[in-house]
There are 2 protein chains.
Amino acid sequence: MRLRGRKGIREEIESQPELVVLDPAPYRGRWRERFGNDRPIHVELGMGKGKFISEMSVRNPEINYIGIDMFDELIRRAAVKARAAWAPQGAETPPNLALVRANIEYLETFFAPGEIERIYLNFSDPWPKKKHAKRRLTHPRFLRKYLDILNENGEIHFKTDSRLLFEFSLNSFCDMEITLRNISLDLHRDGLREDLVMTEYETKFAEQGMPIYRLEAVVGE
Amino acid sequence: MRLRGRKGIREEIESQPELVVLDPAPYRGRWRERFGNDRPIHVELGMGKGKFISEMSVRNPEINYIGIDMFDELIRRAAVKARAAWAPQGAETPPNLALVRANIEYLETFFAPGEIERIYLNFSDPWPKKKHAKRRLTHPRFLRKYLDILNENGEIHFKTDSRLLFEFSLNSFCDMEITLRNISLDLHRDGLREDLVMTEYETKFAEQGMPIYRLEAVVGE
């Protein structure tokens with residue numbers, strides 16, 4: 001149900017530069033300035049409707065979060081969710097969050113080397129066809145981008161319901177000899193992991209009893 | 001259906017020292033002598049009824065195989081299977097195979113450092129209870145034993161139908177920073193992998209559509 005036309009959506013996201021960044025390139029190497037402090041920066045590549053990044057920003061106020069996605073409507077919805085998540089704290093604007101409209105293809109154009117401490121990949125598009133393998137966000141060509149922008153404490157936390165994508169990802173990380181840990185082939189096997197923030201997708205899947213796959217990659221020293 | 005009493009089983013395996021080794025310790029560091037050549041030695045830890053090791057020995061005559069298990073009856077059956085596998089080749093005794101009765105706990109007492117090129121673990125006991133974790137053959141304490149006996153081309157090829165054991169194993173290998181490759185979360189997804197020899201267990205599972213998990217660990221240089 002679309003409430004607004006494309007122009008309306010565009011206007012809404014353009015009207016909140018304190019939260020939404022539509023052109024991130026000028027902030028490359030300068031995200032600390034934008035956040036106004038030296039706290040670690042964690043990025044979600046593909047934030048979807050924004051539940052994960054909103055809840056993370058509330059749970060961990062000592063971390064600065066950046067949620068990235070490509071589509072105006074997703075940015076718009078994530079902004080609504082983020083503000084709603086922070087409203088009970090009495091904050092009109094989340095103090096530690098930026099919602100960025102960008103294409104992950106060009107990650108290096110808006111993050112400088114070592115600028116980021118952690119990357120979250122949640123339920124990324126599996127791109128099941130072999131010919132689309134290079135589009136998967138855990139393909140080695142993307143992993144190389146991540147290695148560049150992550151600092152010495154860098155980690156990548158990845159979860160998915162797609163067995164195919166998880167298998168592909170395990171091999172991508174291992175082919176690049178990246179250290180893995182806390183690998184799970186059924187994340188909520190022993191009950192919902194309340195310590196980990198879930199996405200909208202994930203709640204649905206966990207209820208259906210489908211296994212969620214997860215791993216942590218340690219890329220720093 | 002037991003055809004023989006325990007004494008009969010014992011006698012049968014004692015009567016074929018050219019194939020069956022009931023006391024492997026004297027061969028430690030000297031398996032090349034027993035095989036009579038310098039070919040690489042591949043070991044299956046837990047050979048069950050022997051289909052895998054028998055077929056491997058026929059398929060790869062340039063490799064020397066050692067199948068290990070603890071129980072007389074399994075040794076007896078594996079000997080029957082091995083001889084049957086080699087009979088069409090006109091060989092009464094497999095020329096590149098030794099069936100060893102031993103406890104993998106004491107692996108280092110019958111293999112010297114660097115004596116082995118590859119270890120196969122097929123459908124090992126998952127020991128699902130947490131308190132039995134140390135008994136799983138992919139527990140770090142066993143991985144350390146394998147690292148000791150494997151040479152510079154050393155590899156471990158592991159497959160299982162147990163998601164729990166495979167998850168545990170992925171973490172064991174990764175915690176020890178052992179390089180992994182060719183990880184599969186559904187080995188026969190695209191059709192039976194005829195290039196890989198299957199075990200008795202595996203054929204049944206593949207037919208039921210249950211996923212078989214597999215990985216290769218590269219431990220040498």
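Letters A, B, ... mirror the listed sequences (proteins, then strands); counts begin at 1.
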Contact origin within A:L215 toward chain B - heavy atom pairs under 4.5 Å: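 For A:L215, there is no contact with chain B at all, as no heavy atom is under 4.5 Å.
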Chain A contact via B:S184 - side chain, backbone, both or neither, heavy atoms under 4.5 Å: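 The answer is both parts of B:S184.
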Interface moiety of B:D186 toward chain A, non-hydrogen atoms closer than 4.5 Å: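 Both parts, backbone and side chain.
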Contact winner vs chain A - B:E177, B:R181, B:R163, heavy-atom pairs under 4.5 Å: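 Top count of heavy-atom pairs under 4.5 Å with chain A: B:R163.
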For the pair [X] and [Y], find out whether any cationic side-chain nitrogen is under 4.0 Å from an anionic carboxylate oxygen.
X	Y	result
B:E108	B:R28	no
B:E73	B:R77	yes
A:R39	A:E62	no

Within 45° cone and under 6.0 Å: A:R135 NZ/CZ vs A:W127 ring: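 Yes - A:R135 lies over the ring of A:W127, closer than 6.0 Å to its centre and within 45° of its axis.
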